[in-house]
Q: 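Take this structure first; my questions come after.
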Amino acid sequence: MRKLSELAAGDRGKVAKVAGDADAARRLMEMGLMRGTTVEVVRRAPLGDPLEVKVRGFMLTLRRAEAEHIEVE
């Protein structure tokens, strides 16, 4: 298992766990990042923050700190 923040552009993974405090985890799940959902890293900013991911057919931009709370397999 790896964190979403560790994936390179073009990599895909399936969400295994959403961690962090309750409010942050709930916010991420409300954006569609639930266990079992496939995510694809589309691109990263030059310094790696933020990163853009494709989830359930739409694009989502996350900060690296948010992506570190998501474990993918």
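Small disclaimer: the values here were computed from a predicted structure and weren't measured.
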Q: Looking at residues at least two apart in the chain, or sitting in another chain, which of them share a side chain to side chain contact (heavy atoms under 4.5 Å, CB included) with Ala16?
A: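 With neighbours one apart ignored, the set is Met1, Glu73.
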
Q: List the residues meeting side chain to side chain contact (heavy atoms under 4.5 Å, CB included) with Thr38, not counting sequence neighbours, and say none if there are none.
A: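 Testing Thr38 for side chain to side chain contact (heavy atoms under 4.5 Å, CB included), a comparison that skips the adjacent residues, returns Lys14.
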
Q: Applying salt bridge (charged side-chain N to carboxylate O under 4.0 Å, His left out) as the test, list every pair that has at least one member in residues 44-54; sequence neighbours left out.
A: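 Qualifying pairs, neighbours excluded: Arg43-Glu52.
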
Q: Checking Asp21 now: which residues fulfil side-chain hydrogen bond (donor to acceptor under 3.5 Å, both in side chains) with it, not counting sequence neighbours?
A: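 Testing Asp21 for side-chain hydrogen bond (donor to acceptor under 3.5 Å, both in side chains), a comparison that skips the adjacent residues, returns none.
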
Q: Work out which heavy atom in Ala19 is nearest to a heavy atom in Ala25; give both atom names and the distance.
A: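 Distance-wise, the nearest heavy atoms are O-CB, 3.8 Å.
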
Q: What residues, two or more places apart in sequence or in another chain, satisfy side chain to side chain contact (heavy atoms under 4.5 Å, CB included) together with Arg35?
A: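 Arg35: no side chain to side chain contact (heavy atoms under 4.5 Å, CB included) contacts found.
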
Q: For Glu71, check side-chain hydrogen bond (donor to acceptor under 3.5 Å, both in side chains) against everything at least two apart and list the hits.
A: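 Once residues adjacent in sequence are excluded, Glu71 has no partner under the side-chain hydrogen bond (donor to acceptor under 3.5 Å, both in side chains) criterion.
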
Q: Going by the side-chain hydrogen bond (donor to acceptor under 3.5 Å, both in side chains) test, which pairs reach into residues 59-68, not counting sequence neighbours?
A: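 Qualifying pairs: Arg27-Glu66.
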
Q: Remaining members of Leu4's ILVMFWY cluster at a side-chain heavy-atom cut-off under 4.5 Å?
A: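 Leu4 shares its hydrophobic cluster with Leu7, Val15, Val18, Leu28, Met29, Met31, Leu33, Met34, Val39, Val41, Leu51, Val53, Val55, Phe58, Leu60, Leu62, Ile70, Val72.
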
Q: Who passes salt bridge (charged side-chain N to carboxylate O under 4.0 Å, His left out) against Glu40, sequence neighbours left out?
A: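 Glu40 satisfies salt bridge (charged side-chain N to carboxylate O under 4.0 Å, His left out) with Arg12 only.
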
Q: Please name all residues satisfying side-chain hydrogen bond (donor to acceptor under 3.5 Å, both in side chains) with Thr37, sequence neighbours left out, ordered by chain then number.
A: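 If we apply the side-chain hydrogen bond (donor to acceptor under 3.5 Å, both in side chains) test to Thr37, skipping adjacent residues, the hits are Arg56.
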
